[in-house]
Amino acid sequence: MDEKYFPEKVEEKWQKHWEATGAFEVEADTSRPKFYCLEMLPYPSGFLHMGHVRNYTIGDALAWYKRLQGFNVLHPIGWDSFGQPAEQAAIKRNIQPREWTEENIAHMRGQFKRLGISFDWRRETAAHTPQYYKWDQWFFLRMLERGLVYRRTAPVNWCPKEETVLSNEQSSGGVCWRCGAVVEKKNLEQWFVRTTQYAEQLLGDMREIEAGWPERVLTMQRNWIGASTGAYIDFPVKDHEEKIRVFTTRIDTIYGANALVLAPEHPVLEKLLEGSTQQKEVIQFAERVRAARSQAKPGEDEVKEGVNTGLIAVNPFSDESLPVWVANYVLIDYGAGAVMSVPAHDQRDFEFAQKHTLPIKQVIAPITHEKEPSNFAPQLGVDQSVEMQQAMTDYGVLVNSSEWSGKLSQDAIAAMAEYAEKHGFGGGAVTYRLRDWGISRQRFWGAPIPIVYCDKCGIVPVPEKDLPVVLPERAEFSGTGQSPLAGVPEFVNTTCPKCNEPARRDTDTMDTFVDSSWYFFRYCDPQNGDAPFDPEKAAYWTPVDQYIGGIEHAVMHLLYTRFWCKMMRDMGLVKFNEPVKNLLTQGMVTNIVEGTNEWKAMSKSLGNGVDPDEMVAAYGADAVRLFVMFAAPPENELRWLETGIEGAVRFLRRVYNLVWRWREQIQTAPQSAPSDEDLTIAERALRRATHRTIARVTDDFERLHFNTSIAALMELLNTLSDFTAQTTSATEPSGNEKSELPDVMVFRAPDENASAGTLFAVREALEAMVLMLAPMAPHAAEELWEALGHQGGILSKQGDRAKWPQADKELSRKEELEIPVQINGKLRGRIRATPDASEEFLRSAALSDEKVRVWMEGRDVIKVIVVPQRLVNIVVK
RNA sequence: GCCGGGGUGGUGUAAUUGGCAGCCACGCAGGUCUUAGAAGCCUGUGCCGCAAGGCGUGCGGGUUCGAGUCCCGCCCCCGGCACCA
């Protein structure tokens with residue numbers, strides 16, 4: 001140990017030690033409790049940014065804490081190394097994506113090591129290696145067998161900037177998740193994963209993770225899945241066999257239906273309109289709508305427009321004839337792609353009816369307190385299109401609804417669905433907003449889809465023995481909107497696995513969210529050549545105990561990985577429903593934008609980025625990590641403040657100096673605690689402070705309140721500093737020491753005759769503090785732990801392995817309390833008492849306190865409230 | 001519009017169950033050391049007031065001996081979704 005704290009030197013020393021001793025390497029061991037601590041894997045963009053530093057620092061703190069608590073901790077890292085930017089770099093710098101990606105990984109790996117993040121590096125995986133993406137392809141084939149992957153032509157989201165298809169999740173809000181470009185609609189043949197098959201489970205199983213996931217994320221997923229309970233109804237069409245199915249949540253309003261409205265793309269139209277004079281008009285209308293949509297901006301509502309098809313449907317409840325319309329406001333991929341239009345009770349139908357002057361019929365009356373449903377006599381005409389200003393969408397009482405009139409909406413909804421089912425024209429149903437996951441990407445840098453197209457045999461899956469379908473080393477990146485793989489003949493041209501005739505490979509690659517859906521299972525068994533992972537090994541480590549990452553993946557990655565887990569469960573690979581027990585979404589790291597007073601996420605374009613490497617060079621990794629953990633709770637925004645890091649270094653230096661000062665003397669401290677009588681008041685107080693701090697910090701770690709645990713450690717340091725000052729002889733340091741080390745705080749030597757009690761209390765405090773500091777500042781902690789006389793490192797595998805300190809319950813209670821005394825709720829005095837003081841004692845002590853008496857003069861005591869250990873409140877009049 | 005989260009000093013924040021509002025840190029001010037500065041150390045720092053004291057957790061009400069915390073109404077900020085039938 002040097003006299004002065006040199007972070008660079010200390011950090012290098014311990015990083016080498018960890019590497020040499022394999023300190024963070026773990027194996028499954030059923031005799032020990034496990035803890036799987038996982039941070040979302042990074043995209044290898046080239047450089048770690050402060051957001052990464054925060055993410056991995058949080059995870060690392062937890063990993064250290066759990067190790068010290070005796071858990072077998074899996075803390076792995078890997079790379080989300082497929083994806084769009086590698087291709088852009090290829091175009092821009094004339095370098096192949098692989099080269100670019102691997103250079104970036106090498107650099108970022110170095111950054112991680114300089115930060116001292118405690119990964120088991122032997123388990124490192126990268127999505128772009130054939131050893132990894134082989135299993136993406138394997139999963140694809142397994143899902144294909146199970147009907148969970150299928151190919152179809154569908155209108156898909158197209159990012160014009162990246163020239164590829166996006167999933168619904170990736171184009172949420174009408175913009176590309178990565179580049180922000182406004183997405184267009186394109187009709188393409190694509191591979192889809194049947195996520196909708198698990199919609200119900202994706203929603204229902206949330207119960208299992210409710211306690212461990214942020215409300216925000218659960219809500220976002222719930223909204224995204226969007227379950228809607230209602231009923232479907234099949235409407236017969238006059239002169240046709242086909243029926244038209246609609247979905248509605250308001251079957252109680254069915255007597256108010258004035259039309260059926262279909263989405264322009266509805267498949268049933270083709271048959272129904274065959275030979276009809278209206279056919280042409282409907283087709284033209286559909287074309288017009290599609291053209292308008294491909295140029296529409298997100299958030300802009302179209303004007304409701306439609307055409308009458310001339311078809312007539314029959315309301316199965318009322319036998320009324322209803323015209324069948326096609327309109328732009330009905331969505332093909334939600335519900336049944338058709339609705340019954342009830343303008344009186346649905347705002348959209350109302351607007352449509354106004355536009356096309358269709359009749360409006362009220363069938364729900366509002367409930368008022370003056371009129372009971374039983375004696376409500378509707379005096380309503382049939383057409384209210386003149387009177388009504390907007391739709392009445394509330395529940396109410398049914399009117400104008402034949403025998404259903406007089407029922408309440410809630411009751412009618414259930415009864416009418418049941419009636420429809422009984423009579424065979426409908427029934428209760430739940431529909432979901434969630435759509436299937438389109439995974440085809442017209443990109444080069446991804447896992448090739450293991451499919452071959454043969455003129456004779458059609459779509460043929462690549463046999464498992466031929467996996468992986470390896471990505472070619474190079475391709476041309478022209479930006480033509482077609483996959484670059486299509487321009488690589490040696491890749492495209494192959495033979496059909498079935499008939500051996502010439503055939504063509506699928507030239508799309510998989511969405512990179514496929515890679516990240518199961519990577520943390522691969523970490524459990526990263527070298528496996530025969531399977532994605534050994535289910536037994538995964539059974540030990542998974543599910544993930546704590547997952548940490550950004551909120552931006554609330555719906556995309558976290559929904560896909562939940563789906564994947566259920567799919568793997570049904571394949572027998574895992575035994576649970578949910579892959580992640582606890583989720584922490586960390587907040588953004590922001591910095592002030594120069595010339596403004598706005599805090600915004602660090603970014604190149606705003607010029608407010610801070611380079612982690614520079615910070616580590618200037619202050620040390622430990623100080624950077626400590627500040628990041630201290631400045632705000634993990635979920636909050638973190639405002640970057642250089643003065644804050646300086647504060648963190650100051651704290652570390654003070655701890656360091658204190659250890660330096662005591663390191664020799666405390667070697668002679670007694671091994672077991674002296675009895676209370678052998679301790680001075682100050683020594684006892686220090687011991688109590690130590691144990692109270694242990695209790696607080698432990699509790700804070702359990703709740704992931706890292707910022708308050710650091711505050712508690714700072715308090716202990718302040719207490720220890722005061723204690724040290726008191727027990728130190730008043731002699732000044734010699735002039736020599738000063739001049740030799742002018743910029744170091746020079747401490748006076750502790751009293752050479754320090755009592756055994758002092759030495760014990762100080763050592764206890766220092767050891768506890770150093771160990772509790774290890775999660776945030778592991779390098780400094782290691783150095784100090786060694787200085788305190790321990791060999792082989794904190795995680796030493798030989799005997800002297802450190803354990804998280806235990807709080808002594810008795811000691812962590814306060815010896816004496818200051819109990820506030822209030823008069824009529826206002827603080828007027830304080831009394832001293834032990835924690836076990838009786839109510840009676842507190843009461844009389846409070847009433848006889850001098851300060852309190854002054855305030856009671858001339859007034860009557862009405863009541864005295866005594867809360868033991870807390871306060872006394874005297875009510876006077 | 002619907003759903004979710006939030007509003008506490010100059011700043012980041014803290015406050016198991018309703019029980020001393022503001023821990024810890026940043027910043028600021030004063031002091032000490034120094035030829036001077038930096039660093040370090042010490043003291044102070046919610047607002048008003050010389051003080052006694054009063055006021056104070058977005059606003060207005062309520063429950064309670066007692067409310068940052070619970071209830072009702074409102075305002076504002078952030079995030080998500082949005083023609084979802």
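Residue numbering restarts at 1 for every chain, and letters A, B, ... go by the order of the sequence lines.
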Using a heavy-atom cut-off of under 4.0 Å over every strand shown, decide if [X] touches base, sugar-phosphate, or nothing.
{"X": "A:Glu818", "answer": "base"}
{"X": "A:Asn636", "answer": "sugar-phosphate"}
{"X": "A:Arg435", "answer": "base"}
{"X": "A:Val246", "answer": "nothing"}
{"X": "A:Asn718", "answer": "sugar-phosphate"}
{"X": "A:Pro633", "answer": "sugar-phosphate"}
{"X": "A:Gly226", "answer": "nothing"}

Which nucleotide wins on minimum distance to the side chain of [X], given the candidates [options]?
{"X": "A:Met714", "options": "B:A85, B:C24, B:G19", "result": "B:C24"}
{"X": "A:Thr249", "options": "B:G27, B:A85, B:C81", "result": "B:A85"}
{"X": "A:Asn707", "options": "B:C24, B:A14, B:G19", "result": "B:A14"}
{"X": "A:Leu331", "options": "B:C26, B:C20, B:A85", "result": "B:A85"}
{"X": "A:Trp855", "options": "B:G54, B:G40, B:A14", "result": "B:G54"}
{"X": "A:Gln822", "options": "B:A15, B:C20, B:A85", "result": "B:C20"}
{"X": "A:Arg828", "options": "B:A25, B:G54, B:G19", "result": "B:G54"}
{"X": "A:Thr708", "options": "B:C81, B:C55, B:A14", "result": "B:A14"}

G-U wobble or Watson-Crick pairing nucleotide for [N] (cut-off 3.5 Å, both distances):
{"N": "B:G66", "value": "none"}
{"N": "B:G1", "value": "B:C81"}
{"N": "B:G30", "value": "B:C42"}
{"N": "B:G60", "value": "B:C72"}
{"N": "B:A52", "value": "none"}
{"N": "B:C24", "value": "B:G12"}

Distance in angstrom units between [X] [atom1] and [N] [atom2], rounded:
{"X": "A:Tyr334", "N": "B:C83", "atom1": "OH", "atom2": "C1'", "result": "12 Å"}
{"X": "A:Glu642", "N": "B:A25", "atom1": "CD", "atom2": "C1'", "result": "16 Å"}
{"X": "A:Asp700", "N": "B:A15", "atom1": "CG", "atom2": "C1'", "result": "12 Å"}
{"X": "A:Arg692", "N": "B:A15", "atom1": "CZ", "atom2": "C1'", "result": "16 Å"}
{"X": "A:Glu637", "N": "B:G7", "atom1": "CD", "atom2": "C1'", "result": "14 Å"}

- The complete set of ring pair (Phe, Tyr, Trp, His ring centres under 6.0 Å) pairs with one or both residues in residues 628-658 of chain A, sequence neighbours excluded, reads A:Tyr5-A:Tyr656, A:Phe627-A:Trp640

- Query: Take atom CZ in A:Phe841; do more than 12 heavy atoms of anything else shown fall under 6.0 Å from it?
  - Reply: no

- Query: Any donor-acceptor pair under 3.5 Å between the side chain of A:Arg830 and the base of B:C20?
  - Reply: yes

Listed partners of [X] passing salt bridge (Lys or Arg N to Asp or Glu O under 4.0 Å), at least two apart:
{"X": "A:Glu215", "result": "A:Arg222"}
{"X": "A:Glu816", "result": "A:Arg832"}
{"X": "A:Asp722", "result": "none"}

Kindly compute the distance separating [atom1] ([X]) from [atom2] ([Y]), expressed to the nearest 0.5 Å.
{"X": "A:Thr693", "Y": "A:Met769", "atom1": "OG1", "atom2": "CE", "value": "9.0 Å"}
{"X": "A:Leu202", "Y": "A:Thr195", "atom1": "CG", "atom2": "OG1", "value": "7.5 Å"}
{"X": "A:Gln586", "Y": "A:Arg54", "atom1": "CD", "atom2": "CZ", "value": "6.5 Å"}
{"X": "A:Arg562", "Y": "A:Leu203", "atom1": "CZ", "atom2": "CG", "value": "8.5 Å"}
{"X": "A:Gln822", "Y": "A:Trp855", "atom1": "CD", "atom2": "CH2", "value": "13.0 Å"}
{"X": "A:His553", "Y": "A:Leu558", "atom1": "NE2", "atom2": "CG", "value": "8.0 Å"}

- Item | Anti/syn call for B:G5, syn if |chi| within 90° | anti

- Query: Hey, are the side chains of A:Val876 and A:Ile862 touching, using non-hydrogen atoms and a 4.5 Å cut-off?
  - Reply: no

Below 4.0 angstrom from OP1 or OP2 of [N], is there any side-chain N or O of [X]?
{"X": "A:Arg650", "N": "B:C41", "answer": "no"}
{"X": "A:Arg222", "N": "B:C81", "answer": "no"}
{"X": "A:Lys826", "N": "B:A21", "answer": "no"}

Contacts of [X] that satisfy side chain to side chain donor-acceptor pair (under 3.5 Å) - sequence neighbours left out:
{"X": "A:Arg830", "value": "none"}
{"X": "A:Lys600", "value": "none"}
{"X": "A:Ser721", "value": "A:Arg654"}

- Task: Specify the residue among A:Phe630 and A:Gly337 whose closest nucleotide of RNA chain B lies further upstream toward the 5′ end.
- Result: A:Phe630

- Under a 4.0 Å heavy-atom cutoff, the residues of residues 866-877 of chain A touching RNA chain B are A:Val867, A:Arg870, A:Leu871, A:Asn873, A:Val875

Might you list the N or O atoms of the protein lying below 3.5 Å from N or O atoms in nucleotides 1-4 of chain B, with each pair's distance?
none

- Message: Looking at A:Arg696 and A:Glu715, is there a salt bridge between them, counting it only when a charged N and a carboxylate O are closer than 4.0 Å?
- Response: yes

Tabulate below the donor-acceptor pairs under 3.5 Å that side-chain atoms of residues 339-346 of chain A make, not counting sequence neighbours, or state none.
residue	atom	partner	partner atom	Å
A:Ser341	OG	A:Asn258	OD1	3.1
A:His345	ND1	A:Met392	O	2.8
A:His345	NE2	A:Val363	N	3.0
A:His345	NE2	A:Ile364	N	3.1
A:Asp346	OD1	A:Arg348	N	2.8
A:Asp346	OD1	A:Arg348	NE	3.1
A:Asp346	OD1	A:Asp349	N	3.1
A:Asp346	OD2	A:Arg348	NH2	2.5

Protein N or O to nucleotides 9-11 of chain B N or O, pairs below 3.5 Å:
none

Between the protein and nucleotides 47-49 of chain B, list every N/O to N/O distance that falls short of 3.5 Å.
none

